[in-house]
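Reading through the structure tokens given below for one structure.
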Amino acid sequence: MKTKFLFTGLVLCIPFLLSAQTRLPEEMAYRIKDEAFNQSKMEETAQWMTDFLGPRLAASANGLRAEALMEHKLVEMGFENARRELAANFPKGGWDNEKTYVAMTSPYYASFSATPKAWSGSTDGLIRSEVIYLDVEKEEDLETYKGKLAGKIVLLPVVSGYTLRFEPLASRLTEEELAELAKDPRPQPARPYRRRFNPLLTKIHEFLANEKPAAIFGGNGTFNVPGSRGVAYKAGDPEPVPEINLSIENHGRMARLLQKGVPVEMEVEIKNRFTPADTMIYNVVAEIPGTDPKLKNEIVLIGAHFDS
């Protein structure tokens, strides 16, 4: 019975002990609020990290530039021991896009927004060619195009569509939804990441690697914004065929024209630069030294994805 009362007493004391351990002076709360509401540099810093730093693909020249600038910025902000630390070997090496020009020239002129796939190759200067749509539903259909694609611009099959949405892009959460978000869901097992593969597209790319077209176009992303992807490559491999993502709508427009028997022509110039020497990637690290005599050797780690 004594044990039972002792245990109950300890349980009742725990909230008061925790409160005593974590309670901070009101002055500290006001200082934190003042920093957030009156001294915040959030917008300025976010604009610097996006507009000014630009794209930062792993191991790219742009990525290395951003790392150096970030290291300098951390020093400027008052952090100590700012540095780059080797993170891992990166067999792909560096890759930077230096020029992208894509346009449909027939049946009329239309310039297209496009994104070359990372680690894909360059065109041989400005190329002009008819466009051949791969109307392929099964692997056997590829035989129809054997020996007919060398030097041509190839349009991959339509695999993505879009539907009209009538919901707003943002909405205000209800009190009930906020209360649900406030709950701590731990512990939960991490969901394994599974990359989705389209077996037919894999076969198509294997086929095209042997056919040597001048350029390959696919549809990806949102309605009118092309997505970003990469190709399988490691430093020292032969330069892959240029692959470019168009928005779903622009890719679909050419596919529909070709499926209706309307000839389509394009002009394309893609210039990409490979830097095989950059086969290492780095972390940018800086420190805020602790001051409390008892706690200063403990570590609080804050991180974020900086590349890509």
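Position 1 is the first residue of the sequence, and the numbers go up from there.
Atom CG of Asp292 sits about 10.5 Å away from atom CG of Asn297, to the nearest 0.5 Å. For the atom pair CD1 of Ile288 and CG of Leu74, the computed distance is 9.5 Å after rounding to the nearest 0.5 Å. Of the inter-residue distances, the one linking Leu142 atom CG with Asn210 atom CG reads 11.0 Å to the nearest 0.5 angstrom. Atom CZ of Phe112 is separated from atom CZ of Phe217 by 9.0 Å, given to the nearest 0.5 angstrom. To the nearest 0.5 Å, atom OG1 of residue Thr123 and atom CD1 of residue Ile270 are 6.0 Å apart. For the atom pair NZ of Lys203 and CG of Asp141, the computed distance is 14.5 Å after rounding to the nearest 0.5 Å.
A cation-pi contact, defined as under 6.0 Å to the ring centre and within 45° of the axis, links Arg65 to Phe52.
Applying the 6.0 Å contact sphere to CD of Glu137 captures no more than 12 heavy atoms from other residues, nucleotides or ligands. A 6.0 Å sphere centred on OH of Tyr109 holds more than 12 heavy atoms belonging to other residues, nucleotides or ligands. In Glu175, the CD atom is not crowded: 12 or fewer heavy atoms of neighbouring residues, nucleotides or ligands sit closer than 6.0 Å. Atom CG of Leu126 is surrounded by more than 12 heavy atoms from other residues, nucleotides or ligands within 6.0 Å.
For the pair Glu177 (side chain) and Thr174 (backbone), a donor-acceptor distance under 3.5 Å is present. In this structure a side-chain-to-backbone donor-acceptor pair under 3.5 Å is missing from Ser60 to Asp96. His251 places no side-chain N or O within donor-acceptor distance of the main-chain N or O of Ser247, the cut-off being under 3.5 Å.
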Steps toward salt bridge (charged side-chain N to carboxylate O under 4.0 Å, His left out) verdict (Asp34, Arg31): CA-CA 5 Å; Asp34 180 65; Arg31 286 176 60 190; over 6 Å; no

Audit row: Lys99, Glu269, salt bridge (charged side-chain N to carboxylate O under 4.0 Å, His left out) steps and yes/no: CA-CA 7 Å; Lys99 184 175 183 179; Glu269 185 172 6; 3.1 Å; yes

Intermediate values then yes/no, side chain to side chain contact (heavy atoms under 4.5 Å, CB included), Val241 and Ser120: CA-CA 6 Å; Val241 174; Ser120 68; over 6 Å; no

Candidate pair Glu67 and Arg56, rule side chain to side chain contact (heavy atoms under 4.5 Å, CB included), full reasoning: CA-CA 9 Å; Glu67 288 173 5; Arg56 36 190 187 264; over 6 Å; no

Side chain to side chain contact (heavy atoms under 4.5 Å, CB included) assessment of Ile204 paired with Leu156: CA-CA 9 Å; Ile204 289 173; Leu156 293 176; 3.7 Å; yes

Steps toward side chain to side chain contact (heavy atoms under 4.5 Å, CB included) verdict (Leu86, Asn283): CA-CA 6 Å; Leu86 179 64; Asn283 290 321; over 6 Å; no

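Ion pairing between a basic and an acidic side chain is recognised when a charged N comes within 4.0 Å of a carboxylate O; Arg83 and Glu71 show no such pairing. Here Lys73 pairs with Glu76 in a salt bridge; the nearest charged N to carboxylate O distance falls below 4.0 Å. Glu130 and Lys152 are joined by a salt bridge, as a carboxylate oxygen and a charged side-chain nitrogen come within less than 4.0 angstrom of each other. With respect to Asp237 and Lys234, a salt bridge is recorded, a charged nitrogen being found less than 4.0 Å from a carboxylate O. Classification of Arg256 and Glu249 as a salt-bridged pair holds, one side-chain N sitting under 4.0 Å from a carboxylate O.
Side-chain polar atoms of Asn81 and Glu287 form a donor-acceptor pair below 3.5 angstrom.
Of all non-hydrogen atoms in Leu258 and Val131, the two that sit nearest each other are CD2-O, 3.6 Å. Contact between Ser129 and Gly151 at its shortest, heavy atoms only, is OG-O, 3.9 Å. Residues Pro107 and Pro263 come closest through the heavy atom pair CD-O, 3.7 Å. Looking at every heavy atom in both residues, Tyr145 comes nearest to Glu211 through O-OE1, 3.9 Å. Nearest heavy atom pair, residue Ala58 against residue Asp307, reads CB-OD2, 3.2 Å. The shortest heavy-atom contact between Pro213 and Ile216 is CG-CG1, 3.9 Å.
Each of Val225 and Leu246 belongs to its own hydrophobic cluster when Ile, Leu, Val, Met, Phe, Trp and Tyr are linked at side-chain heavy-atom distances under 4.5 angstrom. Hydrophobic cluster membership is shared by Phe306 and Met77, with clusters built from Ile, Leu, Val, Met, Phe, Trp and Tyr side chains linked at under 4.5 angstrom. Tyr108 is connected to Val262 through a chain of hydrophobic side-chain contacts under 4.5 Å among Ile, Leu, Val, Met, Phe, Trp and Tyr, so both are in one cluster. With hydrophobic clusters built from ILVMFWY side chains whose heavy atoms lie under 4.5 angstrom apart, Met49 does not share a cluster with Tyr282. Hydrophobic clustering of Ile, Leu, Val, Met, Phe, Trp and Tyr side chains at less than 4.5 Å, counting indirect connections, keeps Tyr101 apart from Leu155.
Using a 4.5 Å cut-off on side-chain heavy atoms (C-beta onward), Ile132 and Leu149 make contact. Between Glu265 and Arg128, the closest side-chain pair of non-hydrogen atoms is not below 4.5 Å. By the 4.5 Å heavy-atom criterion applied to side chains, Leu257 and Lys260 are not counted as neighbours. Here the side chains of Asn224 and Asn250 are in contact, with some heavy-atom distance below 4.5 Å. The side-chain heavy atoms of Asn220 and Arg229, taken from C-beta on, include a pair separated by under 4.5 Å. With a 4.5 Å cut-off on side-chain heavy atoms, Leu69 and Trp48 count as touching. Side-chain contact between Asn89 and Met280: present, with at least one pair of heavy atoms (C-beta onward) separated by less than 4.5 Å. Two residues are said to be in side-chain contact when any heavy atoms from C-beta on lie closer than 4.5 Å; Val154 and Leu208 meet this criterion.
Clustering of Ile, Leu, Val, Met, Phe, Trp and Tyr by side-chain heavy atoms under 4.5 Å joins Leu295 with none of the others. Residue Trp119 belongs to a hydrophobic cluster whose other members are Leu57, Phe90, Trp95, Val231, Tyr233, Phe274, Ile281, with links defined by side-chain heavy atoms closer than 4.5 Å. Apart from Leu181 itself, the hydrophobic cluster it occupies contains Leu173, Leu178, where clustering links Ile, Leu, Val, Met, Phe, Trp and Tyr at side-chain heavy-atom distances under 4.5 Å.
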